[in-house]
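Here's the structure, in structure tokens; my notes come after.
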Amino acid sequence: MRFSFRPVEGVFYELFTRAAFNLVRGTELLNELALPGVDVQSVSERLTEVEHDSDAITHDLYKKINSTFVTPFDREDIYSLGSQLDDVMDHLEAVGNLLYLYGLTQLPALPRELHELVNVLDQQAKLTADAMPRLREMKGLEEYWIECNRLENDGDRAYRMLLVRLFSGEYDALTVLKLKEVADELEAACDAFEHVANTVETIAVKES
Amino acid sequence: MRFSFRPVEGVFYELFTRAAFNLVRGTELLNELALPGVDVQSVSERLTEVEHDSDAITHDLYKKINSTFVTPFDREDIYSLGSQLDDVMDHLEAVGNLLYLYGLTQLPALPRELHELVNVLDQQAKLTADAMPRLREMKGLEEYWIECNRLENDGDRAYRMLLVRLFSGEYDALTVLKLKEVADELEAACDAFEHVANTVETIAVKES
Amino acid sequence: MRFSFRPVEGVFYELFTRAAFNLVRGTELLNELALPGVDVQSVSERLTEVEHDSDAITHDLYKKINSTFVTPFDREDIYSLGSQLDDVMDHLEAVGNLLYLYGLTQLPALPRELHELVNVLDQQAKLTADAMPRLREMKGLEEYWIECNRLENDGDRAYRMLLVRLFSGEYDALTVLKLKEVADELEAACDAFEHVANTVETIAVKES
């Protein structure tokens, strides 16, 4: 049996949970891009705010690692998990930022396949936010990492279909290049969620 | 002197060897792309079959790691080697898949430089398949990893020449974009073979 | 207090310092690209010479790691630092090489944003060359890695602005593709400098 109710440990779980909830805020903002008449500049600015908040959480986490004598699991795993949650946010922010910077808002609509990829990210975010509080008890995590990896496969397929659409001849070459940068950030976010899941698996296997 | 004839160990060497032989099957299928009148859809489908077989091998390997008390070398090295062999296969499969998905089969011919890159991969695959059974005795591995790294340099050069060809003005921009995705997968496969060789080097250095 | 004046240790610091000074030679060569009437072929050839010299330094370092019984810090950290300094050089060389190979020398001028990114790299190189000799005393390194990471953020911004310029419609699609390959190498060099700084941080934290 596992007791881990020392207050200092609680801080780590709380920071992971807050970081993961920010990812849900991020993917929900990206979901707004599918709405007709969406204000992309506003989505981009709100993503930047969420990203700043995530940076602050990561910073707190690193300070906590350095100032805590006994950590709930290996210091380097805490560090990895924190920086990987932060990586996801960086990619989500880049999506909004690039859409705005490249003037892609002037397209009549973004490709449907792009929204499908966002949808996969949104499921990964919710799954991750749901799993983080369960790190404390190390319970029910296996289904999380299996499902997160499965979603990453869905994301790969959606990304490939998005490229097929971009290369279909429907868009001019410069627009293809811009949309491909956006697609690459979405795909990197999808991979980054998988890295988070792999780290959770590593931690759980060590603790079992 | 090194004794390692316990049956359970044999399973690991056998799985690595089978995974590496699948890579030879993969590069030989890619070699068919140079044949006149090749049926790309058929190549792509057969690559997918080989990839599924590799997935099954990787899955068996992971189960074996988790159910074996004494492994022939560090668990994490076995895990790395297995997943890196699997990565190579994923890139090989992607090549066939993208050629078919992007409709590149309608080109009169693929660029010669693409076949040269495939040829480097084929040499890497044969070298790797030849080295895997020698893990058991840890003999003659140094020449394998040195040669595999040398081939990776050849591959870099072939990739760069392929890009020069793609950017020569001979192809329209969309075709360049599609062929570049294919070229990137080939180059990633070449790198992935090098990662396998680096892991073998790590294992051999620890054991020596 | 820390004594580390055994001659054998000195060799490691000297090799790191020489590798870092080669990076300064590399970024200064890239700075020449901003000069009117620059001979890009000559810049590319001199970059290749510096790169060969860096390879020799890295090779010496690896030999030294293997032949030294007591190293000044963890063998794997020495190895990482050496290979990461080498990675930076590979990206710097690729920039000159690609500009020449793709015939980009026929453009009236390279985009201003490209020179801004080179300028960030030049600052990172000088900062790194300045920090390497201080590894011996482990003094004043924190300001180095903080500043190097800050410069990497500047580099990200410069890279993004370079892409906005490339996608502005000023260049034809093939030229955009070629310049983007060059931009990606510059950005990879900027990241590679950050990896060097992160490794120095890891070493310093362990030693403190």
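We use all heavy atoms of the structure for the numbers below, so side chains are in, but hydrogens, waters and symmetry mates are not. Bear in mind the structure is a predicted one, so any value in this text is a computation, not a measurement. So that the names make sense, note that chain A is the first sequence line, chain B the second, and so on, each numbered from 1.
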Counting only heavy atoms not in A/Gln106 (residues, nucleotides, ligands), do more than 12 fall under 6.0 Å from its CD?
no
Side chains of B/Asp184 and B/Tyr159: any donor to acceptor distance under 3.5 Å?
yes
Using 0.5 Å steps for rounding, measure from the CG atom of A/Leu117 to the CD atom of A/Glu187.
7.5 Å
Toward chain A: residues of residues 21-60 of chain B with heavy atoms under 4.5 Å
none
Decide, yes or no, whether a salt bridge links A/Arg160 with A/Asp156 under the criterion of side-chain N to carboxylate O below 4.0 Å.
no
Check whether any side-chain N or O of B/Asn149 sits under 3.5 Å from a backbone N or O of B/Trp145 as a donor-acceptor pair, and report yes or no.
yes
Given heavy-atom pairs under 4.5 angstrom as the criterion, report whether the side chain, backbone, both or neither of A/Val164 touches chain B.
both
Using modelled atom types and a 3.5 Å cut-off, is there a donor and acceptor pairing between side-chain atoms of A/Thr71 and backbone atoms of A/Phe73?
yes
Sort out for me which of B/Thr175, B/Asp172, B/Asn97, B/Asn66 touches chain A most, counting heavy-atom pairs under 4.5 Å.
B/Asn97
Should A/Arg150 and A/Glu147 count as an ion pair when the cut-off is N to O under 4.0 Å?
yes
Pick one of side chain, backbone, both or neither for B/Leu101, based on which atoms fall under 4.5 Å of a heavy atom in chain A.
both
